Amino acid sequence: MRHWINTAINKINADYQRSADTHLIKLELPQLPGIDLYLKDESTHPTGSLKHRLARSLFLYALCNGKIKRDTTIIEASSGSTAVSEAYFARMIGVPFIAVMPKQTAKSKIQQIQHYGGQCHFVDSATQMHDTAVQLAEQLKGYFMDQFTYAERATDWRGNNNIAESIFQQMSLEPHAIPHTVVMSAGTGGTSATLGRYIRFKGFSTELVVVDPERSVFYDSYHSGDTALTLPVGSRIEGIGRPKVEASFQPDVIDRMIKVPDAASIATIHWLAQLTGRRAGPSTGTNLWGALEVAKQMLANQQQGSIVTLMCDSGERYLDTYYNPVWVQEQIGDIRAYQQSLALIA
Ligand SMILES: *Cc1c(COP(=O)(O)O)cnc(C)c1O
């Protein structure tokens with residue numbers, strides 16, 4: 001059994017050894033003199049999003065804790081990027097993978113999971129995903145990965161080339177090498193936990209700002225301390241914002257939170273596409289809008305420095321939604337006011 005586990009871990013480590021780091025892109029914004037803005041491009045991982053890091057961490061964590069053995073079926077509650085990335089690693093080590101997801105999940109997502117050999121188990125609504133995943137794991141004597149519980153602890157926050165260490169290393173030759181602020185949104189909260197802990201561990205002065213979309217409880221919970229808050233509706237910004245306070249969300253390492261209107265997030269990804277020719281997913285819009293807010297505050301305070309945020313995934317996944325003006329008008333509303341305010345920056 002140990003031989004199988006060693007082999008599985010070695011396969012994941014070898015895959016990592018073959019991979020390149022993601023690029024840190026500098027945005028050119030002459031309207032923000034003295035302020036340098038950077039985007040860590042997580043869309044270039046083999047499975048297309050920052051969830052590639054999470055899935056690798058969750059598999060290594062479960063393997064090293066003796067939770068996955070030869071033939072253990074891996075189960076996850078996810079209709080999104082996590083299931084795609086986990087299916088990739090499950091296939092790599094040769095174990096079955098089942099994603100529990102709402103039956104309304106977009107066909108393209110289902111196809112991506114199946115492309116990596118994963119199966120999809122459908123439930124009627126998102127609220128049933130967690131319990132069904134727990135039941136399925138019991139029935140099949142499988143293992144429930146449970147991203148919303150384990151994301152914060154599966155990644156080594158001290159370093160080991162986690163996303164925080166990578167960012168600070170890539171910034172080392174920049175004019176403002178230690179960022180004034182790092183901005184990130186929260187889905188599981190795992191990435192912001194790693195960033196906040198790493199910044200503290202290294203003693204950096206960098207502020208961690210977490211941005212939250214409209215339909216999410218993180219912002220209110222951060223301010224009230226109430227971890228029992230819930231919402232009856234899900235977030236409209238895919239990948240971020242939650243209707244309940246997830247266990248992985250770590251408010252104590254966050255310096256400040258900013259609430260970002262959904263229409264601002266969408267206006268920002270369109271603005272970014274014009275500026276750079278790169279389409280990003282909607283959570284990148286939330287991140288970048290927050291980063292621009294911080295930049296404006298720094299300008300007003302006559303401060304100089306750098307701000308780093310993340311491109312979490314590519315917009316090519318969302319051409320018929322967030323990049324479709326009819327869909328945006330119907331689902332999100334009018335984004336013109338935010339477009340006008342962005343036009344003043346570039
Ligand atoms: C998961 C996700 C996030 C948030 O990252 P967490 O580490 O889970 O908080 C942001 N954007 C996208 C597209 C995601 O899939």
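Keep in mind the model is a prediction, meaning the values are calculated, not measured. One-based numbering, in listed order, for ligands and for the atoms of each.
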> Within the distance-only criterion (no hydrogens, no angle test), does the side chain of N301 pair as donor or acceptor with the backbone N or O of Q297 below 3.5 angstrom?
Replying inline: yes
> If only atom types and distance count, is the side chain of N287 paired as donor or acceptor with the main-chain N or O of T309 below 3.5 Å?
Replying inline: no
> What about F97 and Y116, are their ring centers closer than 6.0 Å?
Replying inline: no
>> Could you tell me, atom by atom, which parts of ligand 1 come under 4.0 Å of a heavy atom of G189?
In response: 6 (P), 8 (O), 9 (O)
> Can you tell me which residue and heavy atom of the protein come closest to atom 6 (P) of ligand 1, and the distance to 0.1 Å?
Replying inline: T188 OG1, 3.4 Å
>> I'd like to check which ligand 1 atoms, numbered from 1 as shown, lie under 4.0 Å from a non-hydrogen atom of A186.
In response: 9 (O)
> ligand 1 versus T191, non-hydrogen atoms closer than 4.0 Å: side chain, backbone, both, neither?
Replying inline: both
> Is a side-chain donor or acceptor of K259 paired with a backbone partner of P213 at a separation under 3.5 angstrom?
Replying inline: yes
>> Is S49 close enough to touch ligand 1? Criterion: a residue heavy atom under 4.0 Å from a ligand atom.
In response: no
> Near S81, which atoms of ligand 1 are under 4.0 Å from a heavy atom of that residue?
Replying inline: 15 (O)
> Between Q147 and ligand 1, which part of the residue brings a heavy atom under 4.0 Å of the ligand: side chain, backbone, both or neither?
Replying inline: neither
> For ligand 1, is any non-hydrogen atom under 4.0 Å from L50's backbone (N, CA, C, O), its side chain (CB onward), both, or neither?
Replying inline: side chain
> When you measure from the side chain of S248 to the backbone N and O of F148, does any donor-acceptor pair fall under 3.5 Å?
Replying inline: yes
> Would you find more than 12 non-hydrogen atoms of other residues, nucleotides or ligands less than 6.0 Å from Q274 atom CD?
Replying inline: no
> Which protein non-hydrogen atom lies closest to atom 5 (O) of ligand 1, naming both residue and atom, and how far is it?
Replying inline: M184 CE, 3.6 Å
> Against heavy atoms of D313, which atoms of ligand 1 measure under 4.0 Å?
Replying inline: 13 (C)
> Considering only the protein, which heavy-atom contact is closest to atom 4 (C) of ligand 1, and what is its distance?
Replying inline: G187 N, 3.4 Å
> Starting from atom 14 (C) of ligand 1, which protein heavy atom do you reach first, and at what distance in Å?
Replying inline: K51 NZ, 2.9 Å
>> Can you confirm if the NZ or CZ of R242 lies within 45° of the ring axis of F249 and under 6.0 Å from the centre of its six-membered ring?
In response: no
>> Under a 3.5 Å distance rule, please check whether T206 uses its side chain to pair with a backbone N or O of H180 as donor and acceptor.
In response: no
> Taking atom NZ of K67 as the centre, does the number of heavy atoms from other residues, nucleotides or ligands within less than 6.0 Å exceed 12?
Replying inline: no
> Would one find an N or O of S192, backbone or side chain, under 3.5 Å from an N or O of ligand 1?
Replying inline: no
> In this structure, which one of H176, H23, K26 forms a side chain to side chain contact (heavy atoms under 4.5 Å, CB included) with Y38?
Replying inline: K26
>> Residue-level breakdown please: for I240 versus ligand 1, do any non-hydrogen atoms fall below 4.0 Å on the side chain, on the backbone, on both, or on neither?
In response: side chain
> When you measure from atom 12 (C) of ligand 1 to every protein heavy atom, which one gives the shortest distance, and what is it?
Replying inline: S283 OG, 3.5 Å
>> Out of all atoms in ligand 1, which are within 4.0 Å of some heavy atom of C312? Include the element for each.
In response: 10 (C), 11 (N), 12 (C), 13 (C)
